[in-house]
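Chain identifiers are assigned alphabetically (A, B, ...) following the order of the sequence lines, protein sequences preceding nucleic acid strands; residue numbering begins at 1 within each chain. None of the values given here were measured: they were computed from a predicted structure.
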Amino acid sequence: MSDGITKVTSHISPNEQLIFERSQQGRVGYRLPALDVEESPVDDLLPREFQRDDDLEGVPEVSEVDVIRHFVRMSSWNYSIDLGMYPLGSCTMKYNSRLNERVARIAEFANVHPLTEVQDAQGALQVIYELEQHLAEITGLPGVSLQPAAGAHGEMTGIMIIRAFLDARDGAAASGRRTMLIPDSAHGTNPASAHLSGFSVKTIRSTSEGLTDLDHLRELCSHGDVAGLMLTNPNTLGLFERNIKQICKIVHDAGGLVYMDGANMNALVGIARPGDMGVDVIHLNLHKTFSTPHGGGGPGSGPCCCTKELEPFLPVPRIVKTDWTVGEPTFKLEYDRPKSIGRVKAFFGNYGMMLRALAYILTHGNDGLREATEAAVLNARYIANGLTSDYDKPFNSPPMHEVVFTDKRQSRKGVHTLDIAKRLIDYGFHPMTIYFPLIVQGAMLIEPTESVGRQELDQFIAAMRSIANEALEDPELVRNAPHSTRIGRLDEAAAARKPVLRWKAKPDEE
Amino acid sequence: MSDGITKVTSHISPNEQLIFERSQQGRVGYRLPALDVEESPVDDLLPREFQRDDDLEGVPEVSEVDVIRHFVRMSSWNYSIDLGMYPLGSCTMKYNSRLNERVARIAEFANVHPLTEVQDAQGALQVIYELEQHLAEITGLPGVSLQPAAGAHGEMTGIMIIRAFLDARDGAAASGRRTMLIPDSAHGTNPASAHLSGFSVKTIRSTSEGLTDLDHLRELCSHGDVAGLMLTNPNTLGLFERNIKQICKIVHDAGGLVYMDGANMNALVGIARPGDMGVDVIHLNLHKTFSTPHGGGGPGSGPCCCTKELEPFLPVPRIVKTDWTVGEPTFKLEYDRPKSIGRVKAFFGNYGMMLRALAYILTHGNDGLREATEAAVLNARYIANGLTSDYDKPFNSPPMHEVVFTDKRQSRKGVHTLDIAKRLIDYGFHPMTIYFPLIVQGAMLIEPTESVGRQELDQFIAAMRSIANEALEDPELVRNAPHSTRIGRLDEAAAARKPVLRWKAKPDEE
Amino acid sequence: MLEAIGLKSAEDLFDSIPQDLLLKRPLNTPAALSEIELLNRFEKMGRRNAAARRPSFLGGGAYSHYIPTIVDHIISRSEFFTAYTPYQPEISQGTLQTIFEFQTLVCQLTGMEVANASMYDGSTALAEAVLMAERVTRRSKVIATSSVHPQYLEVVHTYVQHAGIDLEVVPFDARTGQSAAALAKAVDDHTAALVVQSPNFFGCVEDLSALSDAAHAKGALLVVAVTEAMSLGLLKSPGACGADIVVAEGQSFGVPLSFGGPYVGLFATRDKYARQIPGRLVGEAYDKKGHRGFVLTLATREQHIRREKATSNICTNEGLIALAATVYLETMGRRGIQEAAHQCLQKAAYAARRIASLDGFLLPFSGPRFNEFVVRGPLDAGALLARLGKEKGIEGGIPLWRFFTDRPNDFLVCVTEINSRDEIDALVEGLSEVSNR
Amino acid sequence: MLEAIGLKSAEDLFDSIPQDLLLKRPLNTPAALSEIELLNRFEKMGRRNAAARRPSFLGGGAYSHYIPTIVDHIISRSEFFTAYTPYQPEISQGTLQTIFEFQTLVCQLTGMEVANASMYDGSTALAEAVLMAERVTRRSKVIATSSVHPQYLEVVHTYVQHAGIDLEVVPFDARTGQSAAALAKAVDDHTAALVVQSPNFFGCVEDLSALSDAAHAKGALLVVAVTEAMSLGLLKSPGACGADIVVAEGQSFGVPLSFGGPYVGLFATRDKYARQIPGRLVGEAYDKKGHRGFVLTLATREQHIRREKATSNICTNEGLIALAATVYLETMGRRGIQEAAHQCLQKAAYAARRIASLDGFLLPFSGPRFNEFVVRGPLDAGALLARLGKEKGIEGGIPLWRFFTDRPNDFLVCVTEINSRDEIDALVEGLSEVSNR
Ligand SMILES: Cc1ncc(COP(=O)(O)O)c(C=O)c1O
Ligand SMILES: Cc1ncc(COP(=O)(O)O)c(C=O)c1O
């Protein structure tokens with residue numbers, strides 16, 4: 001193993017079966033208070049045929065300490081932000097403050113029922129209202145809904161708003177506008193969300209510079225069928241679309257609206273505002289830019305922010321401040337929004353994430369938000385600098401908060417992006433995002449975020465360089481990586497061919 | 001590596017420097033509210049010569065995420081109860097309930113100041129009082145003080161009580177009674193505590209059965225100088241001193257008192273009570289028998305329980321229930337105890353541990369306490385059974401909650417207890433207590449506790465057998481263990497010869 | 001570091017942004033707060049949630065059940081909550097194996113064959129189920145009963161409005177509170193799916209087996225939504241009743257109310273539809289040495305590969321909440337889930353009996369119940385419950401007029417294992433007192 | 001399992017216990033409570049701690065400072081709080097390295113050369129320091145000042161009573177509140193140690209340098225106790241003043257009040273006395289491959305090897321609390337510790353100024369202060385403070401008559417960085433109001 005590996009060593013790691021394989025008849029890990037009301041025969045309360053008859057066969061029976069050990073052991077198999085830099089491009093894996101976790105657990109918030117009468121939940125509504133205000137200021141887009149549960153959900157919401165707006169504006173004629181323009185570099189959720197909203201997708205080429213091809217855009221806009229454009233900015237190559245104003249003008253002139261995918265807002269907060277660029281509607285990822293934890297795949301929160309003009313189309317209910325004279329402000333729910341696209345989720349969205357995001361905004365303060373953006377971009381630039389000598393950088397303009405490299409040089413030796421990623425694991429780092437965006441062959445998209453210091457950035461650069469070196473001198477070593485993990489590369493093809501998606505008792509166990 | 005190893009695999013493990021090596025001028029990880037009172041020049045408030053002049057040189061400067069990663073990484077190097085069985089004999093490493101942790105963090109307890117006027121801290125006092133009641137019932141010894149901070153502290157307290165009692169009983173003559181009898185199998189804290197209380201120690205032999213040698217006891221008791229006996233029961237070999245009543249009688253007839261080291265109460269709770277055996281005073285380890293977490297070396301809590309007769313000698317203050325007529329009971333502090341040995345600790349002892357121990361007693365209930373004892377003994381017996389074929393068991397009487405084996409057979413091949421312990425680490429287990437008690441050459445003292453299921457017991461037995469086998473077939477493998485940990489055996493001799501007990505900035509760093 | 005990359009000032013970092021787009025002023029958001037100040041601020045706002053500390057009988061899609069202490073301890077472990085979606089299996093097995101267990105538990109509880117890694121919540125899961133039904137049947141008509149949670153129906157409507165699906169809502173039976181026979185009749189050869197909820201919004205258990213026959217007779221799918229997942233511990237599983245897609249809100253399994261989210265959507269179906277499932281799936285896989293592990297699989301269904309042809313646009317789901325549900329279910333275990341469900345049934349029955357015996361109060365629906373039921377009081381339910389809250393400090397229920405304007409006096413009461421008899425009795429006395437004026 | 005080992009019943013497990021010693025009845029302790037019931041029970045008891053929720057100005061050896069949120073998160077990690085004393089270094093480096101950092105931080109703050117892994121608390125650490133002074137000097141007389149925390153003096157007395165040490169307590173100077181010149185004079189050639197506390201029990205800073213000279217002039221050691229460790233962020237370190245042994249209560253560093261414990265005792269001294277230190281020590285060590293690690297070292301001082309000749313009987317110490325202090329100190333860091341100490345100084349000065357300006361109130365002692373000071377009120381302090389608590393909901397201070405019967409009207413007030421100006425002003429107004437009757 002290369003002695004360039006400084007971040008990790010190998011150590012024992014606990015094994016752990018599936019809980020179902022640990023289960024033992026009769027073990028229990030819970031205790032409830034004894035039933036304190038007169039008990040009626042179940043059959044008197046519920047017809048037999050409505051009752052479960054499988055006695056929950058197969059559901060595990062384990063003790064509390066079994067459960068604790070089960071999850072503590074499994075947890076030790078995970079990489080996490082708290083173990084180090086997590087440079088997944090486009091994912092903004094920044095530090096998740098413990099303070100925000102604590103805020104989300106304050107009993108007066110954690111125990112409020114979503115259908116509580118508003119006068120008894122004013123604090124809960126105030127949090128939503130204040131967060132909406134701050135996000136409006138940060139994006140420059142005054143209409144905000146926190147109902148969407150994640151980025152893709154926010155996209156769907158935003159696109160449906162565009163559709164509702166066009167229908168209201170053009171009436172029947174709107175049926176002629178069902179084309180959504182999406183750059184070839186876009187994240188897969190963009191076309192999927194457009195499709196969900198009944199649009200057909202046309203793809204815009206990117207230039208060799210990695211920016212939207214204006215001529216192609218003009219051409220696509222020349223047929224009168226364009227409902228809008230979905231643009232990520234900075235785009236998924238980590239480059240700021242410097243023609244954004246012109247882009248918006250072209251789309252607007254063609255009668256369409258501009259949707260911005262805000263997944264990369266970590267490059268802009270406090271620096272520039274989509275609203276000032278001509279963007280009509282955007283989604284944010286509170287679980288990226290605003291540091292709410294990713295939780296191994298969610299929960300997220302994908303607020304949708306739009307112009308005053310589009311505000312009437314936002315999902316219901318809206319949280320509005322009632323005019324009040326003395327004391328605390330009071331808030332109420334407004335449902336009577338005839339133009340609204342309707343509800344995209346029960347209740348108010350992923351509320352717990354809103355508490356955390358508001359705490360993030362308040363603890364950073366306006367200066368802190370800007371400084372975080374500066375640090376995030378600085379770190380990405382630093383990495384860009386450190387790796388250009390060893391890796392192919394397809395676009396030479398300086399990156400914003402993330403930078404893309406390719407495996408071009410290494411592939412000559414048969415070492416590909418996947419191999420480099422897996423080898424990074426041996427060096428103790430979580431790999432970057434790979435093979436995205438699709439337009440870059442063998443893409444490696446690196447986003448360090450602001451939550452990493454120079455020491456670790458240097459370690460990362462050294463690791464990547466050492467791997468580049470290995471790719472030349474010992475390609476096999478890289479191709480077979482990782483070598484130091486508890487399991488090796490898994491056969492994903494076989495897994496997909498005959499998928500086993502749940503545990504089943506082996507005949508003898510039944 | 002033996003494929004008998006089923007509990008662990010090898011995996012990457014993060015490295016981490018000392019925080020001082022990570023520190024960077026100017027980084028901060030804290031934020032306090034701005035000073036909200038008029039600021040005076042410090043020199044006006046405090047003479048210069050009283051002020052610090054080193055600017056806290058060397059104290060680390062790091063960010064919050066640095067701190068989180070620092071400790072999360074280091075934590076992953078530890079074995080812990082939550083990772084599996086932790087069979088340290090005499091240490092009773094049982095499951096630490098999360099519920100008890102939560103109880104200890106209830107704000108109304110965590111935020112009470114120890115010098116609060118009693119009427120404003122009734123709940124805090126009630127907890128102490130109730131726990132004392134329960135411990136009195138469990139030990140059969142009515143006088144209880146929770147002031148001692150750990151087992152050894154409880155020993156010192158108990159022995160001082162014996163001394164104070166003798167002085168009160170015999171007056172000047174008591175100066176002739178300054179001998180404390182302690183079995184050769186006793187834990188080192190026993191003689192140390194006796195010494196602290198001004199006693200000289202005489203050692204009692206154990207019989208080939210592993211019990212106190214009655215004849216030797218009688219002989220030692222025949223000189224009229226005996227203040228008392230410190231006995232562990234079950235003793236440190238895991239054997240119940242079946243002659244305990246006779247032992248107490250011999251000591252009592254000789255004018256001495258009997259102190260019992262209660263570290264092994266996990267074998268007796270709900271089954272038998274020291275008070276019924278003739279014991280005069282005992283200490284308990286709440287961090288063993290009553291499941292409060294060991295925390296990597298404390299905090300503990302070592303309550304001292306004694307007979308009615310000795311009760312006046314307990315440390316002050318005493319928590320007493322005032323006679324009350326209606327509503328909740330009320331409690332007050334009594335200081336006026338002229339016979340008391342005095343205070344052994346500021347305030348009331350390790351209060352947070354008392355909350356946890358009371359929660360343990362209440363959630364188990366009287367049945368649960370007994371069942372835990374039964375399971376603890378059953379598990380030890382099961383291990384005793386499983387290992388006799390491969391390891392030398394110096395005493396054939398059946399063990400209680402822990403069992404001692406030796407390396408006799410393996411040492412013929414040059415494989416010693418330390419080697420077996422280290423090899424167990426490769427198998428994924430924390431080793432048992434080794435070379436204690438001292439009277440057993442190459443002792444391996446194994447205490448599974450009740451917090452482990454049969455699956456893992458079988459794994460442990462299999463591991464031990466496999467090691468016995470390796471000791472025959474590949475002694476070197478065992479002698480050089482562990483092989484799979486992030487560091488190998490450390491040179492402790494060298495460390496003690498030129499001790500480096502703190503970090504110092506290297507000249508250049510200053 | 002700036003120097004290291006040849007820059008003079010932080011401004012230079014943004015020189016690719018046109019000058020006129022740069023924000024020339026500080027953001028108009030507050031200055032930084034310290035931890036102490038922040039906590040005070042939130043605690044102050046929290047005190048404005050009067051309801052949070054009261055005994056509560058609110059259900060209607062979000063339930064207060066006991067949450068074992070270890071749930072929060074486990075989901076607070078850095079290794080779980082600060083990890084991303086498990087794209088790199090070699091260093092994500094902790095997350096992957098727990099999801100595999102989650103999928104298995106969902107199958108066991110719903111009586112289905114395959115389940116995904118989670119959806120946003122029950123309402124969006126239902127909407128995705130409807131879209132999936134259209135995909136597998138290639139039919140465009142969807143029939144739902146009005147006893148489905150009104151907000152769920154709203155969400156379904158939003159999702160299907162541009163998918164060329166027409167959604168027909170058939171009124172429930174006002175006597176039983178269950179779905180009317182009319183529902184079964186409405187199914188025809190163009191029907192993609194019959195959509196029901198059980199226990200339904202009024203707490204009444206639907207006759208799923210009958211509805212399944214009706215749907216299948218016409219080649220339609222039966223889509224069942226469950227908002228009170230605890231009922232699965234006691235009620236015949238939708239799978240056993242013949243459901244083709246089962247979705248549920250998993251909040252009852254160890255997830256705090258938290259004003260409506262984050263919760264977790266459960267989504268389960270038949271093996272034969274596995275490749276039509278929206279969202280992520282975790283499957284078993286092996287490495288060269290034959291070690292078992294788990295991976296994200298069947299990704300070809302998903303948007304990052306399939307783009308607009310994906311089975312859904314969902315990407316981030318509710319991983320950590322699914323973990324909470326998994327810890328909950330494994331801690332409660334087979335017997336604990338049964339006991340909690342049994343106590344819900346018994347306590348709700350006790351409360352219903354007592355309330356029904358008050359004069360001026362009656363239970364309008366005759367259908368069998370689990371732990372929720374509708375009460376009709378002597379006066380406007382909003383006013384009645386507001387008084388109960390103010391004067392007695394009890395959150396007594398949900399006024400139905402919010403959703404059904406023709407039911408001014410009706411309200412929905414939910415009782416779970418955490419409502420002690422004393423609380424129930426206080427509710428009953430409270431109701432009679434505040435209504436006798 | 002019973003069968004597996006050839007037993008019939010659980011009783012058989014205990015057949016080595018004589019019949020007549022077996023408890024034939026169930027323990028007379030309560031039946032098992034569920035989590036819900038247990039939490040209710042403790043919350044109910046908690047509500048009887050009226051003081052817990054009030055603004056507080058109590059110090060006297062236990063202080064309310066802000067505790068950064070991450071402290072509890074770190075010490076709640078299974079790997080730390082469910083581990084034992086690190087006897088097996090290969091699988092305990094997490095604990096060992098943190099202790100090594102703790103020892104280093106204690107040295108830095110106290111200005112000493114070597115520190116141990118912790119003692120039970122400040123009071124027992126002081127007692128052990130006195131015993132160590134006797135070992136080191138082989139002298140038997142110990143002189144302490146009465147401005148040392150009264151409970152600390154009690155503990156010292158208990159520890160030394162059988163050690164052939166005579167403890168002489170010299171009264172403090174009633175004008176300055178500092179240790180009198182008399183103290184220095186009392187030192188003679190038989191004196192093992194001079195024992196002082198700074199800031200002392202009255203909050204007054206002692207002139208340690210002068211006392212150190214006095215002690216050393218006679219070959220005695222200077223033992224310094226610090227109960228308010230936060231003062232180390234601002235005051236000249238005892239080490240720099242010439243102390244030979246420094247002990248401190250570490251509770252101020254991230255440890256909750258918790259009615260007096262668990263806290264953590266800091267113990268530091270000079271290199272030359274390293275082998276006389278009580279308790280555990282962690283040192284650097286290397287494996288065959290040259291990797292750095294840490295181990296428990298100099299164990300030959302300890303009881304499990306030395307038995308009755310050990311430097312102390314301490315075994316379990318305060319590991320987890322030492323960890324909390326370590327996390328606290330590293331989070332606050334160099335500048336945070338300085339700022340917290342600075343705010344304590346300033347806020348206490350502000351409070352003292354305002355209280356002194358109230359008529360009927362005065363500050364009896366003239367010595368320099370850190371964050372505590374004695375106030376003399378117009379009436380019995382117990383009555384005054386009881387009123388303040390009842391009527392104003394403020395815990396105003398500690399009445400001195402509890403420890404000094406000749407000071408009925410005096411009470412000790414402590415102000416830290418967490419007492420906002422509003423709280424201080426409320427205290428001041430409260431005092432004047434309740435005393436004007
Ligand atoms: C550029 C981009 N757009 C959209 C999304 C979708 O966001 P979410 O995963 O929260 O649905 C992502 C997240 O990976 C993204 O990177
Ligand atoms: C038998 C015995 N006695 C006394 C003690 C000392 O207890 P503590 O470590 O709590 O001081 C121990 C702990 O190891 C022990 O095992």
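By the 4.0 Å N-to-carboxylate-O rule, A:K504 lies too far from C:E113 to be salt-bridged with it.
Summarising the geometry of A:I487 relative to C:P89, their closest heavy-atom pair is CD1-O, 4.2 Å, with the distance given to 0.1 Å. When all heavy atoms of C:V155 and A:A346 are compared, the closest pair comes out as CG2-N, 3.8 Å. Pairing each heavy atom of A:H294 with each of C:Y84, the nearest pair is CD2-CE1, 2.8 Å. Listed here is the closest heavy atom pair of A:N366 and C:P26: ND2-CB, 4.2 Å. Nearest heavy-atom pair across C:T82 and A:M93 is O-CE, 3.8 Å. The shortest non-hydrogen separation linking C:T124 to A:V344 is CG2-O, 3.4 Å.
Shown here is C:H157, whose NE2 atom has no more than 12 heavy atoms of other residues, nucleotides or ligands within 6.0 Å. Other residues, nucleotides and ligands place more than 12 heavy atoms under 6.0 Å from the CZ atom of A:R454.
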**OP:** Test salt bridge (Lys or Arg N to Asp or Glu O under 4.0 Å) on A:R489 and C:E90 and set out the steps.
**Re:** CA-CA 7 Å; A:R489 292 194 204 186; C:E90 298 88 347; 5.2 Å; no
Original post:
Which is it for A:H70 and C:Q97 under the side chain to side chain contact (heavy atoms under 4.5 Å, CB included) test, yes or no, and what are the steps along the way?
Top reply: CA-CA 11 Å; A:H70 182 61; C:Q97 184 166 326; 4.2 Å; yes
Original post:
Between C:R335 and A:E61, is a side chain to side chain contact (heavy atoms under 4.5 Å, CB included) present by the stated rule, with each step listed?
Top reply: CA-CA 8 Å; C:R335 300 307 170 201; A:E61 298 175 78; 4.0 Å; yes
**OP:** Evaluate the side chain to side chain contact (heavy atoms under 4.5 Å, CB included) criterion for residues C:L105 and A:I19: first the C-alpha distance (whole Å), next the side-chain angles of each, then the deciding distance (0.1 Å), finally the verdict.
**Re:** CA-CA 10 Å; C:L105 289 160; A:I19 195 77; 5.8 Å; no
Subject >> Test log, rule side chain to side chain contact (heavy atoms under 4.5 Å, CB included), inputs A:V269 and C:L27 >> reply: CA-CA 9 Å; A:V269 174; C:L27 281 173; 4.2 Å; yes
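The side-chain heavy atoms of A:F240 and C:P18, taken from C-beta on, include a pair separated by under 4.5 Å. Side-chain contact between A:E16 and C:Q93 is absent, with no heavy-atom pair separated by less than 4.5 Å.
The choice from A:D276, A:N379, A:I341 that makes the most heavy-atom pairs within less than 4.5 Å of chain C is A:I341. Of the residues considered (A:L18, A:I81, A:T485, A:T363), A:L18 shows the highest number of contacts with chain C, using heavy-atom pairs under 4.5 Å. Listed options A:G365, A:G198, A:P299, A:A496 were ranked by heavy-atom pairs under 4.5 angstrom with chain C; first place goes to A:P299. Per-residue counts of heavy-atom pairs under 4.5 Å with chain A were compared for C:S64, C:S76, C:G336; the largest is that of C:G336. With chain C as the partner, the residue from A:I138, A:V500, A:D491 showing the most heavy-atom pairs under 4.5 Å is A:V500. The residue among A:R242, A:E39, A:H364 with the most heavy atom pairs within less than 4.5 Å of chain C is A:E39. Annotation: maximal heavy-atom pairing with chain C below 4.5 Å, among A:V377, A:L362, A:D367, A:I68, occurs at A:L362.
No hydrogens or angles considered: a donor-acceptor pair under 3.5 Å links the side chains of C:T95 and A:N78. Checked by atom type, the side-chain pair A:S23/C:R334 shows no donor-acceptor distance below 3.5 Å. Side-chain polar atoms of A:Q126 and C:R48 form a donor-acceptor pair below 3.5 angstrom. No hydrogens or angles considered: nothing links the side chains of A:K345 and C:Q151 as a donor-acceptor pair under 3.5 Å.
Only the side chain of A:I425 comes within contact range of chain C, judged by heavy atoms closer than 4.5 Å. For A:I244, the part sitting under 4.5 Å from any heavy atom of chain C is the side chain, from C-beta outward, and nothing else.
By the 30° and 60° cut-offs, the orientation of the rings of C:F80 relative to A:F71 is perpendicular. Ring planes of C:Y120 and A:H153: tilted class, angle from 30 to 60°.
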